[in-house]
Each structure stands twice: as structure tokens, then as C-alpha cells.
Student: 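Take this structure, written in C-alpha cells, and hold onto it; I'll ask about it next.
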Amino acid sequence: MIVGIVGCGAIANIITSYILEEDSNIQLKFFYDRDLEKAENLSSIVDGIAVLKVEDMLDKVDLVIEAASPEAVAEIVPDILKAGKDVLIMSVGALMDKELRSKIENLASKNNANVYIPSGAIVGLDGIKAASIGKITSVKLVTRKPPRSLGISTDEKKVLYKGNASEAVKKFPLNINVAATLSIACNMDVEVEIIVDPQVDRNLHEITVKGDFGELKTIAKNIRCSLNPKTSVLAAYSAIKLLKSLSENFKVGT
């Protein structure tokens, strides 16, 4: 599988390093970033090609990873799907825009392409998806991060936001993709609480789900990427695992 990547930041670096070190069916060949130097530097690690425009890679790849920004989902993903290419979306918060999500779903169907969303920085998504077959009555996500991860400075623990995921992703577009992933998985605008806490040194996500299946609770304490403290290492790992699963004949989980 030949893969291109849009956005050459922290997640792209982790994915590229993995592919360099592992014997994999994934061939990461094409790199695009608005900062051409970033694309060139990353492509050189795997003897890849930095392109000036996303369109320059579309006739040569099987799948494109979007790892740039919510804006890139709206601006670039439709063109990828129109070319009949699969896409893996990391900036999931963009899909809380119902109009954009509907457009992307329709384009994927019309052009026989697939849209993949990795589990990101949370755990238990398989169980939540299974639970959604029945009736889910409530879903709550509590995210707790150190100030640096939220791009602010404070010495006090504070609740920065309490409300629905659809509003959370507007206020914290680069920090709360997990809320969007969770909402899409269970088809609900989930309840979200975002806390800045100087006493924690990891990005914490606690999920509580109740429904006719019973109740589940998960807690993820994520190591932050050294290149970008707003990103958890697990988010990049989830993308790598999803890519690997596309060529696996033996699958575990939903």
C-alpha cells in the first residue's frame, strides 16, 4: 500500500519513524506540508518525495493520511475522495460540522473510496461501538491536561469548559479530537469537561458510558509527543495500527 501524508508535524514524524524501523506493507512515499522544508526533511528519512501540491501525489497513492489541521479536512479531503483515494483523518474535530461530514460521506460513497478514523488518544472505542448497537443513555468525557498541552499558563487547576463535544471542538480545535471521535463512534453529541491541571504531567482522558449493556469506564494517561505537547503518542500509534490492519487477514476487535 502506497501512502501519502498531509501535514508533517509530530504525528507524521512518529508514523515515518515507525515505517523506517519496521518491515511493513506500508510504503510511505509522498509528503506535503505548507512548509515545504518540513516535507523535504521528513521525506528524506524514507527516501520519499516532497510535493508542492496534494494533487501531485493523488495518482500515485492508495491512501492519504491527513495529519494537518481541521481546515485541511475541509480544504483537502474532498479532493482526495474525488480522486477515488482512501483517506485517514486525524483532525477528527472537523467532522463535528454535520454539513462537512455529510459531504465527505457522500463523496466517499460516490467515488468508491473509504474514510478511516483511528481511535486516537482514547481507549475502549471498540466496546463503545459495540454498545451503540443497543441503547446508550449517557456518555461523558473528562479531559485533564497540563497547561502546556493546552497552550496556556496558569498555576491553578481550572475547569475550562463544560458542555457538548460540538462546542468543545470549536473552542479547542487542536486539543479535543477525542471528543469528536467518541461522538461519532456512539452517534451522540457527548458531554465534555476540559480541565487544566498543573499537577498532572500527562494528557488524561476519562470516559464513562451507560446504556442497556451496563456501564463502562476507561482512563487513558497519555505520554505527550516531544515535538508537540498537544498531541499524545497514542494518537499516532492508533493511526499506525489502523494502517497495518488494512492488510491483515486476522483481525481482532470491531
Side-chain angles (χ1 to χ4, degrees), residues 1-54 56-58 60-73 75-77 80 85-94 116-123 145-146 148-151 172-178 180-181 201-203 205 220-247:
M1 177 171 59
I2 300 175
V3 176
I5 193 161
V6 174
C8 297
I11 287 176
N13 273 269
I14 293 174
I15 294 173
T16 303
S17 296
Y18 171 85
I19 291 172
L20 178 66
E21 295 172 4
E22 295 290 326
D23 180 12
S24 173
N25 291 323
I26 306 165
Q27 299 180 51
L28 188 52
K29 288 289 186 182
F30 297 91
F31 297 78
Y32 170 80
D33 196 283
R34 288 181 176 177
D35 183 338
L36 180 59
E37 186 176 358
K38 284 186 177 181
E40 290 175 337
N41 289 340
L42 203 53
S43 65
S44 67
I45 295 175
V46 290
D47 195 25
I49 300 169
V51 295
L52 295 175
K53 299 181 295 183
V54 175
D56 294 338
M57 70 169 79
L58 293 184
K60 306 176 185 72
V61 299
D62 302 302
L63 179 146
V64 177
I65 302 169
E66 176 282 315
S69 67
E71 292 76 19
V73 176
E75 296 170 7
I76 295 172
V77 168
I80 296 170
K85 304 299 180 178
D86 296 343
V87 61
L88 187 155
I89 296 176
M90 297 300 301
S91 304
V92 190
Y116 300 106
I117 299 175
S119 55
I122 56 176
V123 296
K145 293 188 175 185
R148 187 181 174 203
S149 290
L150 289 161
F172 302 89
L174 301 179
N175 291 95
I176 202 68
N177 282 315
V178 292
T181 302
D201 61 355
R202 298 186 182 185
N203 297 333
H205 302 292
K221 299 180 179 181
N222 292 308
I223 299 295
R224 294 168 289 159
C225 290
S226 58
L227 292 176
N228 183 356
K230 296 179 181 180
T231 300
S232 297
V233 172
L234 185 61
Y237 286 175
S238 73
I240 294 168
K241 182 57 184 173
L242 194 157
L243 288 172
K244 285 171 60 65
S245 72
L246 298 180
S247 59

Student: In Å, rounded to the nearest 0.5 Å, how long is the span from CD1 of Ile15 to CD1 of Ile5?
Tutor: 4.5 Å

Student: Looking only at heavy atoms, which two atoms of Ala121 and Asn222 are closest? And how far apart?
Tutor: O-ND2, 2.8 Å

Student: Between CE of Met90 and OG1 of Thr181, what distance do you get to the nearest 0.5 Å?
Tutor: 8.5 Å

Student: Quick one: closest heavy-atom pair of Gly7 and Ala68, and the distance?
Tutor: CA-CB, 3.9 Å

Student: Run the side-chain contact (heavy atoms from CB on, under 4.5 Å) check on Ile80 and Leu58 step by step: do they pass?
Tutor: CA-CA 7 Å; Ile80 296 170; Leu58 293 184; 4.0 Å; yes

Student: Write down the atom of Leu52, the atom of Tyr32, and the distance for their closest heavy-atom approach.
Tutor: O-CE1, 3.3 Å

Student: Rounded to the nearest 0.5 Å, how far does OH of Tyr116 lie from CG of Asp86?
Tutor: 4.5 Å

Student: Side chains of residues 40-51: which donor-acceptor pairs under 3.5 Å do they make with residues two or more places apart or in other chains?
Tutor:
from: Asn41; atom 1: ND2; to: Glu37; atom 2: O; distance (Å): 3.3
from: Ser43; atom 1: OG; to: Ala39; atom 2: O; distance (Å): 3.1
from: Ser43; atom 1: OG; to: Glu40; atom 2: O; distance (Å): 2.9
from: Ser44; atom 1: OG; to: Asn41; atom 2: O; distance (Å): 2.6

Student: Counting N and O atoms only, with roles assigned by atom type, does the side chain of Glu66 sit under 3.5 Å from a partner on the main chain of Ser91, one being a donor and the other an acceptor?
Tutor: yes

Student: Step by step, would you call Ile2 with Phe30 a side-chain contact (heavy atoms from CB on, under 4.5 Å)?
Tutor: CA-CA 9 Å; Ile2 300 175; Phe30 297 91; 4.3 Å; yes

Student: In this structure, which one of Val61, Ile19, Leu63, Asp62 forms a side-chain contact (heavy atoms from CB on, under 4.5 Å) with Val3?
Tutor: Leu63

Student: Can you check side-chain contact (heavy atoms from CB on, under 4.5 Å) on Ile11 and Ile65, steps first, answer last?
Tutor: CA-CA 10 Å; Ile11 287 176; Ile65 302 169; 5.7 Å; no

Student: Has the side chain of Lys60 got a donor or acceptor atom that lies under 3.5 Å from a matching backbone atom of Lys29?
Tutor: no

Student: Rounded at 0.5 Å granularity, tell me how far CD1 in Ile240 sits from CD1 in Ile26.
Tutor: 7.5 Å

Student: Quick one: salt bridge (charged side-chain N to carboxylate O under 4.0 Å, His left out) partners of Lys221, sequence neighbours excluded?
Tutor: none

Student: Is any side-chain heavy atom of Lys145 closer than 4.5 Å to a side-chain heavy atom of Phe172?
Tutor: no

Student: How many angstroms lie between CG in Leu28 and OG1 in Thr16, if you round to the nearest 0.5 Å?
Tutor: 4.5 Å

Student: Answer yes or no: is there a side-chain heavy-atom contact under 4.5 Å between Asp35 and Cys8?
Tutor: no

Student: Donor-acceptor check, side chain of Lys38 to backbone of Arg34, threshold 3.5 angstrom: yes or no?
Tutor: no

Student: Could you grab the distance from atom CZ of Arg224 to atom CG of Leu234, nearest 0.5 Å is fine?
Tutor: 15.0 Å

Student: With Asn203, which residues qualify under side chain to side chain donor-acceptor pair (under 3.5 Å), at least two apart?
Tutor: Ser149, Ser232

Student: Shortest non-hydrogen contact from Asn25 to Ser247?
Tutor: ND2-OG, 3.5 Å

Student: Whether the side chain of Arg148 engages the backbone of Asp201 through a donor-acceptor N/O pair (distance < 3.5 Å, no angle test) should be reported.
Tutor: no

